[in-house]
Amino acid sequence: MNIIPRSALILGLAGLIPFVWGALTVLRPELGQWGQMTLGGRFIGPYVQLFYGAIILSFMSGVLWGFATKATGQTATAGYALSVIPALWAFFMTGGGPTAAAMNLVVGFLALLLLDWHFWRLELAPSWWMHLRVLLTAVVVLTFLPVVL
């Protein structure tokens with residue numbers, strides 16, 4: 001069954017809110033000013049995207065670790081090793097200013113999609129996994145465009 005469960009889809013889409021909000025506050029300066037006054041600088045523009053993006057890459061490392069627990073032997077060992085890469089990437093690659101950090105997060109999310117595909121291909125992820133992950137990754141990458149361009 002390739003249909004994304006409703007709860008996974010709703011929560012996945014809700015998880016896009018900080019990325020979309022960040023992009024909107026870059027594209028609409030008046031919205032960014034309102035956000036600055038109301039929420040503070042950490043919750044607007046690329047800053048909310050960068051903080052949240054690093055958290056999500058780390059979260060996804062945990063998801064991949066969970067998939068690796070379904071494997072055995074060398075496949076499990078490789079899965080555990082691969083699963084820590086997104087968190088390490090977020091930790092080491094989000095410095096250097098907002099543009100560089102945003103570009104590195106884009107690379108991280110695209111690489112995560114390859115890892116998702118690898119675990120899915122090994123049948124360690126649910127059959128619907130790639131439908132959800134492609135959708136969410138596409139939106140995340142698009143929301144970083146105003147920052148990296």
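Atom set for the values below is all heavy atoms of this structure, side chains included, hydrogens, waters and symmetry mates excluded. Numbers for residues simply follow the sequence, beginning at 1.
Contact detail for Ser61 and Ser83: the closest heavy-atom pair is OG-O, 2.7 Å. Closest of all the heavy-atom pairs between Ser127 and Asn2 is O-OD1, 3.2 Å. Shown here for Leu50 and Ala102, the closest heavy-atom pair between the two residues is CD2-N, 3.5 Å. Closest heavy-atom contact between Arg42 and Phe51: CG-CE1, 3.2 Å. Of all heavy-atom pairs spanning Ala68 and Ala76, the tightest one is O-CB, 3.9 Å. Residues Pro98 and Tyr47 approach most closely at CG-OH, 4.5 Å, considering heavy atoms.
Trp34 and Ile17 fall into different hydrophobic clusters, where Ile, Leu, Val, Met, Phe, Trp and Tyr side chains are chained together by heavy-atom contacts under 4.5 Å. Following chains of ILVMFWY side-chain contacts shorter than 4.5 Å, one cannot reach Val26 starting from Ile44, and the two form parts of different hydrophobic clusters. Under the 4.5 Å side-chain heavy-atom criterion for Ile, Leu, Val, Met, Phe, Trp and Tyr, Val147 and Leu57 are members of distinct hydrophobic clusters. Hydrophobic cluster membership is shared by Val134 and Val140, with clusters built from Ile, Leu, Val, Met, Phe, Trp and Tyr side chains linked at under 4.5 angstrom. Ile10 and Trp128 fall into different hydrophobic clusters, where Ile, Leu, Val, Met, Phe, Trp and Tyr residues are linked whenever their side-chain heavy atoms come under 4.5 Å apart, directly or through other members.
The shortest side-chain heavy-atom distance between Met93 and Leu88 does not fall under the 4.5 Å cut-off. In this structure, the side chains of Leu112 and Thr137 stay at 4.5 Å or more apart for every pair of heavy atoms. Side-chain contact between Trp65 and Thr69 is present, with at least one heavy-atom pair separated by less than 4.5 Å.
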* Asked: Given the rule in the side chain to side chain contact (heavy atoms under 4.5 Å, CB included) test, do Leu13 and Leu136 qualify, once you have shown the distances and angles that lead to the verdict?
  -> CA-CA 7 Å; Leu13 292 173; Leu136 298 178; 4.3 Å; yes
- Task: Go through Phe19 and Val139 one step at a time and tell me if the side chain to side chain contact (heavy atoms under 4.5 Å, CB included) criterion holds.
- Result: CA-CA 8 Å; Phe19 292 113; Val139 174; 5.9 Å; no
Legend entry - Check against side chain to side chain contact (heavy atoms under 4.5 Å, CB included), Met60 and Asp116: CA-CA 9 Å; Met60 290 306 298; Asp116 284 321; 4.0 Å; yes
- Applying side chain to side chain contact (heavy atoms under 4.5 Å, CB included), run through Tyr52 and Leu16 and close with a yes or a no. CA-CA 10 Å; Tyr52 189 67; Leu16 296 173; over 6 Å; no
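Rounded to the nearest 0.5 Å, atoms CD (Gln33) and CD (Glu30) are 7.5 Å apart. To the nearest 0.5 Å, atom CD1 of residue Ile4 and atom CG of residue Leu132 are 5.0 Å apart. Note that the CG atom of Leu110 and the CG atom of Leu105 stand 11.0 Å from one another [nearest 0.5 Å]. Atom-to-atom distance recorded for Leu64:CG and Ile85:CD1 is 9.5 Å, nearest 0.5 angstrom.
Judged by distance alone, the side chain of Trp89 and the main-chain N or O of Asn104 form a donor-acceptor pair under 3.5 Å. At least one donor-acceptor pair closer than 3.5 Å links the side chain of Thr25 to the backbone N or O of Gly45. Here the side chain of Thr99 pairs no donor or acceptor atom with the backbone of Val148 at under 3.5 angstrom. Between the side chain of Trp21 and the backbone N or O of Phe43, at least one donor-acceptor pair lies under 3.5 Å.
The aromatic rings of Phe119 and Phe67 sit tilted, their planes meeting at an angle between 30° and 60°.
Within 6.0 Å of the OH atom in Tyr80, the count of heavy atoms belonging to other residues, nucleotides or ligands exceeds 12. The number of heavy-atom neighbours closer than 6.0 Å to CD of Gln74, taken from other residues, nucleotides and ligands shown, is 12 or below.
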